Amino acid sequence: MSGFSWRRALAVFIKEFQQMMRDRLTFAMAVGVPIMQLVLFGYAINTDPKGLPTAIVSTDSGTMSRSIASALQHTGYFRVVYSGESESQAQTLLEDGQVQFMIVIPTNFTKELVRGNHPALLVAVDATDPSASGNAIAALSMVATQALQHDLVGPLRALQPGPLPFDIRIHRRYNPEGLSRYNIVPGLIGTILTMTMVMLTSLGMTRERERGTMENLLATPVRPSEVMVGKILPYVVLGYLQLSVIMVAAFTLFEVPMEGSFALLMAMIGVFMVANLSVGFTFSTVARNQLQAMQMTFFFFLPSILLSGFMFPFRAMPVWAQYVGEVLPLTHFLRIVRGILLKGNGAAQLLPELWPMLAFMLVAGVIALKRYRQTLD
């Protein structure tokens, strides 16, 4: 045989390129993943959240309290969704995660300020995700210096220079020290389970098809629903084994608090695992080999980790990205696990996050069963 031949190398190239083009799913993944990364990182990801939902509780009827409320909204960081006199109602909104800030303007705030008594403005922050509120807290100092410029005139002009005429007391709820591990470690529970549950289920079914053992399974009188349940349950057990390792590390190494019910947390994790296993089962009915199953897993995992609020603040994303994130089970699970561990939320408070996961699990399960019946034909 002679030396290197560009003609033979070209022939191999043409053959390999034609084979790659026949595998349309792999080719679509190779093109789709970079496009998805560009869109997500270029448009959806933002580390400076604005328009954070805020509850303002004011029992002061003076003009200066209204000026402060107006100045808060003008910063762009605060979006007032509740304004009233009930501090308990605002506290409930903060516990349920419907607002990020609760600002309390006390009675006689204007009178005390005019007298030079330095009244205190209470700012309670949901600090379960410290990165989501850091810039907004920094903006409060700007509000304090500019809010009353139009009010401190005439005889009150003496209050403008020097120190602030009122105090701002910031209380970081649920994570007083602003520790990032209190946010990261609970989130890792969801991301690890998402990756492993989807990947292991899709690979397990695809592996049987490649090895030819699927024909033996199809020859038995086992129904599609029975196959699905039988395939999913072992991975549920495996998921709880993984969870035990994660939880031990979370409590012993990272000292993550456990404010809520441990039994409720285990039940919510079970629903979350079944939802992801249903996705993996669906992927296994589409993929023709393990490589495709792995690619589809990555295609699902990437938006889950980026749009769920795990790596970047959820409220910092544009509206369309938030709509996409609301479809993903990881988004709701992160709110559930952080709510139980850090806030001590109960079942009633978690219901708004539970039903989207149940709906996702139902839809994914129906699609998986329908596609599995098609393979029986």
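These figures come from a predicted structure and were not determined experimentally.
Salt-bridge formation is detected for the pair Lys343/Asp126: a Lys NZ or Arg NE/NH1/NH2 atom is positioned less than 4.0 Å from an Asp or Glu carboxylate oxygen. Residues Glu259 and Arg173 are not paired through a salt bridge, judged by the lack of any N-O separation under 4.0 Å between the basic side chain and the carboxylate.
For Tyr77, there are no ring-ring contact (aromatic ring centres under 6.0 Å, His included) partners two or more places apart in sequence or in a different chain. For Asp129, there are no salt bridge (charged side-chain N to carboxylate O under 4.0 Å, His left out) partners two or more places apart in sequence or in a different chain. Among residues two or more places apart in sequence or in another chain, the side chain to side chain donor-acceptor pair (under 3.5 Å) test is passed with Arg338 by Asn183. Partners of Phe78 according to the ring-ring contact (aromatic ring centres under 6.0 Å, His included) rule, which considers only residues two or more places apart in sequence or in another chain, are Phe101.
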Which atom pairs, donor and acceptor, lie under 3.5 Å between side-chain atoms of residues 239-255 and protein residues at least two apart or in another chain?
unit_1 : atom_1 : unit_2 : atom_2 : d
Tyr240 : OH     : Met266 : O      : 2.8
Tyr240 : OH     : Gly270 : N      : 3.4
Gln242 : OE1    : Thr196 : OG1    : 3.0
Ser244 : OG     : Leu241 : O      : 2.5
Thr252 : OG1    : Val248 : O      : 2.5

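Both Phe299 and Met197 sit in one connected hydrophobic cluster of ILVMFWY residues. Membership requires side-chain heavy atoms under 4.5 Å apart, directly or through other members.
Of all heavy-atom pairs spanning Met102 and Glu87, the tightest one is SD-O, 4.1 Å. Looking at every heavy atom in both residues, Ser284 comes nearest to Thr206 through CA-OG1, 3.9 Å. Pairing each heavy atom of Ala132 with each of Leu52, the nearest pair is O-CD1, 3.4 Å. Taking every heavy atom of both residues into account, Val57 and Ser86 meet most closely at CG2-O, 3.8 Å. Contact between Leu264 and Ser261 at its shortest, heavy atoms only, is N-OG, 3.2 Å.
Judged by distance alone, with hydrogens and angles left aside, the side-chain atoms of Gln349 form a donor-acceptor pair with the main-chain N or O of Gly346 at under 3.5 Å. Looking only at distances, no side-chain donor or acceptor of Asn345 sits under 3.5 Å from a matching main-chain atom of Leu350. Listed for the Asp60 side chain is no donor-acceptor partner under 3.5 Å among the backbone atoms of Thr107. Not a single donor-acceptor pair under 3.5 Å links the side chain of Ser278 to the backbone N or O of Ala364.
Shown here is Met294, whose CE atom has no more than 12 heavy atoms of other residues, nucleotides or ligands within 6.0 Å.
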Checklist entry - Going through the checks in order, is the side-chain contact (heavy atoms from CB on, under 4.5 Å) test met by Met268 and Ile340? => result CA-CA 10 Å; Met268 296 297 102; Ile340 295 176; 4.2 Å; yes
Next on the checklist: For a side-chain contact (heavy atoms from CB on, under 4.5 Å) check, start with the C-alpha distance between Leu328 and Phe300, then their side-chain angles and the critical distance, and finish with the verdict.
Outcome noted: CA-CA 9 Å; Leu328 302 171; Phe300 176 77; 4.2 Å; yes
Checklist entry - Would Val319 and Tyr323 satisfy side-chain contact (heavy atoms from CB on, under 4.5 Å), going step by step from the backbone distance to the final call? => result CA-CA 6 Å; Val319 176; Tyr323 283 146; 3.4 Å; yes
Item to check | Stepwise side-chain contact (heavy atoms from CB on, under 4.5 Å) check, Val123 with His171 | outcome: CA-CA 6 Å; Val123 180; His171 294 174; over 6 Å; no
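Inspection of the Gln100 and Arg315 side chains reveals an N or O donor paired with an N or O acceptor under 3.5 Å. Neither side chain, Ser308 nor Thr331, offers a donor N or O lying under 3.5 Å from an acceptor on the other.
The side-chain contact (heavy atoms from CB on, under 4.5 Å) test with Leu72 singles out one residue from Thr54, Ile103, Val80, and that residue is Ile103.
Counting only residues at least two apart or on different chains, the ring pair (Phe, Tyr, Trp, His ring centres under 6.0 Å) pairs with a member in residues 326-365 are Phe272-Phe333.
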